[in-house]
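Atom set for the values below is all heavy atoms of this structure, side chains included, hydrogens, waters and symmetry mates excluded. Here is the naming used below: chain letters follow the sequence lines, and residue numbers restart at 1 for every chain.
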Protein chains: 2
Amino acid sequence: MQVHKIFLRRLSVLELSATEFSVLVLVGANPGVYLRQLGSALDVSPPNLVAVVDRLVQRGVLARLPSAEDRRLQELHLTDAGRHLLARAEAQVEMFETGLEQSLSAAERRCLDSALKKLAAFDPPRADPPGEPSGDPRDDPNQAGA
Amino acid sequence: MQVHKIFLRRLSVLELSATEFSVLVLVGANPGVYLRQLGSALDVSPPNLVAVVDRLVQRGVLARLPSAEDRRLQELHLTDAGRHLLARAEAQVEMFETGLEQSLSAAERRCLDSALKKLAAFDPPRADPPGEPSGDPRDDPNQAGA
DNA sequence: TATTGTTATACTCTATAACTATA
DNA sequence: TATAGTTATAGAGTATAACAATA
């Protein structure tokens, strides 16, 4: 979480949130993606993504182009300013990641990587004993005690 | 982040947020703490903590007792129901942590621990080149490009 | 004058229902 | 009817200013 905070601070230098940065990266790598595709890739619902795209469009870094085949769709593209901003952001992030990597040895990086992969794959053993979620009637709330 | 999500899901079984759980743990370990002390320990501002405490008091797990010496202060204590809920929550968390630990070998745990400690201590090299934050006038927003 | 708990307020994120225009 | 983008709205989480009571 500490590392994530520093990552966000780096992006904030360019007035970008993590979501906005992700949008730039994904649109840059997939010119013409549709809003819904972008949203499912980022796990952001369409209603919430509209505001993000709006802001980036008004900022002049993103453009909505109507699709020729299906007039419900709109292709998302980076503008020239968008490509420039993305390049600056990626430079910031790369610098950040390099700094991070250098604070660990090669062996530590390998070990961390493998440990985190295992933790990310962790599927918790279901352990809901037949006790009620919270409305436990035996929990009569009464006096305090020091 | 994935692990944190699972942690939150465990607590949600008892209808507890991470902050609420922290409050129960800290008040349980420090009976009589004041709201401001609690807030600075949790990095939650007093205005925001009031609502959290309100909810736990109304739920019957926390109690506000007026301080005898300074009538501006209020001691926070767990009720009997609060101690019971805390015990259940700690059991959930302990089960969760045990599951996590068992998905790694002892060597992996040691290595992960040391690597994360180093990353948490990471202090980013200041790298703000004399470029403007974002209002760069040379970023004239113009046409898109596929 | 300073401090504790509190109210009010605002701004971001997130989540859901419903609308429009297309298909 | 189904889908894409959109609007409106509500709920959390977070941040700041200001207030009453007390020191």
Rounded distance in Å - [atom1] ([X]) to [atom2] ([N]):
| X | N | atom1 | atom2 | answer |
| --- | --- | --- | --- | --- |
| A/Leu42 | C/dC13 | CG | C1' | 14 Å |
| A/Arg36 | D/dA2 | CZ | P | 15 Å |
| B/Tyr34 | D/dA23 | OH | P | 12 Å |
| B/Leu49 | D/dA12 | CG | C1' | 16 Å |
| A/Leu76 | D/dA4 | CG | P | 14 Å |
| B/Asp43 | D/dA15 | CG | C1' | 12 Å |
| B/Gln37 | C/dT3 | CD | P | 15 Å |
| B/Leu38 | C/dT6 | CG | P | 12 Å |

Q) Choosing from D/dA15, C/dA17, D/dA4, which nucleotide comes nearest the side chain of B/Ser45? A)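 Looking only at heavy atoms from C-beta outward on B/Ser45, the closest nucleotide is D/dA15.
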Q) Among D/dT6, C/dT4, D/dA17, which nucleotide sits nearest the side chain of A/Pro46? A)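 Of the options given, the side chain of A/Pro46 lies nearest D/dT6.
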(Q) Please verify the inter-ring angle class for A/Phe96 with A/Phe7; under 30° counts as parallel, over 60° as perpendicular, anything in between as tilted. (A)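 Because their plane-to-plane angle lies in the 30° to 60° range, the rings of A/Phe96 and A/Phe7 count as tilted.
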Q.
On DNA chain C, compare the nucleotides closest to B/Gln74 and B/Asn48; which residue's is nearer the 5' end?
A.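 The 5'-side residue here is B/Gln74.
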Q) Are A/Leu86 and A/Val27 joined in one hydrophobic group, where the rule is that I, L, V, M, F, W and Y side chains link up if heavy atoms are under 4.5 Å apart? A)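 In one cluster with A/Leu86: A/Val27, yes.
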Q) How would you label the contact of A/Arg55 with the nucleic acid (heavy atoms, under 4.0 Å): base, sugar-phosphate, or nothing? A)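 Nothing, no heavy atom under 4.0 Å.
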Q | CG-CD distance between A/Leu42 and A/Gln37, expressed to the nearest 0.5 angstrom | A |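 Interatomic distance, A/Leu42 CG to A/Gln37 CD, rounded to 0.5 Å: 11.5 Å.
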Q) So, B/Asp113 and B/Arg110, do they make that salt bridge, N to O below 4.0 Å? A)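 Salt bridge absent between B/Asp113 and B/Arg110.
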Q. Would B/Arg64 and B/Glu75 pass as an ion pair if we require N to O under 4.0 Å?
A.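 Result for this pair is no, no salt bridge flagged.
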Can you give me the N/O atom pairs linking the protein to nucleotides 20-23 of chain C at distances under 3.5 Å, or say none if there are none?
from: C/dT22; atom 1: O2; to: A/Arg72; atom 2: NH1; distance (Å): 3.4
from: C/dA23; atom 1: OP1; to: A/Arg71; atom 2: N; distance (Å): 3.0

Q. Are B/Asn48 and B/Ser45 close enough that a side-chain donor and a side-chain acceptor fall under 3.5 Å?
A.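 Side chains of B/Asn48 and B/Ser45: pair found under 3.5 Å.
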Q: Evaluate the side-chain proximity of A/Val3 to A/Leu100: yes if any heavy-atom separation is below 4.5 Å, no if none is.
A: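 The answer is yes, as the side chains (C-beta and beyond) meet within the 4.5 Å cut-off.
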